[in-house]
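Letters A, B, ... are given to chains in the order of the sequence lines, protein chains preceding strands, and every chain is numbered from 1. All values below come from the heavy atoms of this structure, side chains included, with hydrogens, waters and symmetry mates left out. All values reported here derive from a predicted model rather than from experimental measurement.
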There are 2 protein chains.
Amino acid sequence: MGFMGNKKVQKLPSIRRMPTYLHKLTQMRKNGLDTVSTTIMARYMNLEPIVVRKDLELTGVTGQPGVGYKIKDLIDAIKSFLNWHNTAEAVLIGAGSLGRALLGYEGFEDYGLNIIAAFDADPSKIGSEIHDREVFDIIRLPELASRLQVNMGILCVPNEYAQGSADMMIEGGINAIWNFTNVSLDVPEHVVVQREVIASGLAVLSVKLNQRIMEE
Amino acid sequence: MGFMGNKKVQKLPSIRRMPTYLHKLTQMRKNGLDTVSTTIMARYMNLEPIVVRKDLELTGVTGQPGVGYKIKDLIDAIKSFLNWHNTAEAVLIGAGSLGRALLGYEGFEDYGLNIIAAFDADPSKIGSEIHDREVFDIIRLPELASRLQVNMGILCVPNEYAQGSADMMIEGGINAIWNFTNVSLDVPEHVVVQREVIASGLAVLSVKLNQRIMEE
DNA sequence: AAAATATAGATAAAAAAATATCGATACTCT
DNA sequence: AGAGTATCGATATTTTTTTATCTATATTTT
């Protein structure tokens, strides 16, 4: 039973906020700004300044007391913290509606992610192009993943095919899986999985709504 | 400046796991099972049993020492904890690729969410139907939201229209916003927002991958 | 130039979440 | 029937995360 192997990543909440900092900082730089303080940043992001300071501390960047941080430094520090300087190539498995949406999302470039091909089992999709990416027969996944030297896979297939598709990815040498299915994958130790559960956010929203209503 | 008003929701990590419990439990019930233990559940979800027990405790459900929990009880308890017994109706704003994907996602029914209409500013989309939901002119959002008595809005517009769209929703009486844009919304105190940042998961995956590589 | 204000960084405190331990209960197998 | 095992629930502990406080530094205002 080869699972449970992933060591725990710490400071998850801070890590999750990094892309938003990055987005805002990039915007600021475009607007000609050079420095920013935690106070300003906090206001933009609806956070407490102390949270921002702690988050940024994580990237190792150092600001100037009385002044703030250099925006350029911050951007670089966050990118290298996330290793988003070096573009990662990924393949996407499952060209359904979510898969299509992800293929169409242009923001990934900014995050150092480049989806180079898609795979599906549906003959009507195989051979077609979706947002400029060719859709290959899923049978060819191990072969192509290995030949293309990809090490990230984005999994958007129906639940029942999740584990099988993951196995094929791993066979093809992929060691990072972004898992949008409703299945906890069983993977060897060297493979890293990030599961995305869309309904989690809805659950949180529901609870927030409940609690608010109950109080008033 | 009316923000920062939302009281903090606690046990967020547990809440985020609820939909996954629910999904797995529903599946188990379909397979004819009646009871489940935290050990089994933990194995399915790649968690420690103690985590599962603590999570379930939150729903108020009570199990039987030596036996486990009744699956039916758990399902009910989780649903009522999330208030997913009573279906919530929502409108979706922004019928781009992400909006379409969400309109096409059938799992929402299980989560007590019913998207009843979509809105967009693009004349070529207005009047069309996407996955059986009509797309209305965004101008009509306040009027229709109020007439349809909806209180949840799913926001999928480009960043620059986010705040404006949110304002229209609120004008139409919506008090829960599921925000898929890259913008922190400024909303009155009685409105609850849940922001979904797709790149957050990618950031976490990147860090996991980094840490693994660095160690070996 | 002096006073007031804003800032990061270091350290400390508080709160929350994750994990462990232990006793009582039920089931399983001999 | 009895021994062994699995389970929950309650309580306690540890770890992690969040938040606060204080000091030195820079900027702005008077």
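- When rounded to the nearest whole Å, the span between CG of B:Leu58 and P of C:dA18 equals 11 Å.
- For B:Lys54, whose side chain is taken as the heavy atoms from C-beta onward, the closest listed nucleotide among C:dA8, D:dT11, C:dA17 is D:dT11.
- Rounded to an integer number of Å, the gap from CG of B:Asp55 to C1' of C:dA17 is 10 Å.
- For A:Lys8, the side-chain atoms get nearest to C:dA18 when compared with the rest of C:dA18, D:dA20, C:dA8.
- In terms of heavy-atom proximity, A:Ile115 sits nearest to A:Arg133 at O-NH1, 2.8 Å.
- Across all strands shown, B:Leu12 has heavy atoms under 4.0 Å from sugar-phosphate atoms exclusively, and none from any base.
- Listed pair A:Gln64 / C:dA8 fails the phosphate criterion, with no side-chain N or O lying under 4.0 Å from OP1 or OP2.
- Nucleotide D:dT23 holds its C1' atom 12 Å from the CZ atom of A:Arg53, rounded to whole Å.
- Side-chain contact between B:Tyr69 and B:Thr59: absent, with no pair of heavy atoms (C-beta onward) separated by less than 4.5 Å.
- One atom, CZ of A:Arg43, and another, P of C:dA6, lie 10 Å apart when rounded to the nearest Å.
- For B:Gln10, the side-chain atoms get nearest to C:dA16 when compared with the rest of C:dA18, C:dA16, C:dA17.
- Pairing of D:dT14, defined by two Watson-Crick or G-U wobble distances under 3.5 Å, is identified with C:dA17.
- As judged by a 4.0 angstrom heavy-atom cut-off over every strand, A:Glu57 is placed among residues making no nucleic acid contact.
- At least one side-chain nitrogen or oxygen of A:Thr39 sits closer than 4.0 Å to the OP1 or OP2 atom of C:dT7.
- The separation between B:Lys11 atom NZ and C:dT19 atom P is 14 Å, rounded to whole Å.
- Here B:Thr62 reaches the OP1 or OP2 of D:dG9: one of its side-chain N or O atoms lies under 4.0 Å away.
- Going from atom CD1 of B:Ile40 over to atom P of D:dT7 covers 6 Å, rounded to whole Å.
- As judged by a 4.0 angstrom heavy-atom cut-off over every strand, B:Arg16 is placed among residues making no nucleic acid contact.
- Checking A:Asn31 against A:Gln27 by side-chain atom types alone, no donor-acceptor pair falls below 3.5 Å.
- Out of D:dT19, C:dA8, C:dA17, the shortest distance to the side chain of A:Val51 is found at D:dT19.
- Residue contacts shown for B:Pro13 are limited to sugar-phosphate atoms, with no base heavy atom under 4.0 Å away.
- For A:Thr38, counting side-chain heavy atoms from C-beta on, the closest listed nucleotide (C:dA17, C:dA8, D:dC8) is C:dA8.
- Whole-Å rounding puts the A:Lys70 NZ to D:dA26 P distance at 13 Å.
- Look at CD1 on A:Ile50: it is 11 Å from P on C:dG9, rounded to the nearest Å.
- In this pair, B:Trp178 and B:Phe180 present their aromatic rings tilted. The plane angle is within the 30 to 60° band.
- Nearest approach of A:Ala101 to B:Ser97, heavy atoms of both residues: CB-O, 3.6 Å.
- Expressed to the nearest 0.5 Å, how far CG of B:Leu102 lies from NE2 of B:His131 amounts to 10.0 Å.
- Here the nucleotide nearest the side chain of A:Val67, chosen from D:dG9, C:dA8, D:dT27, is D:dT27.
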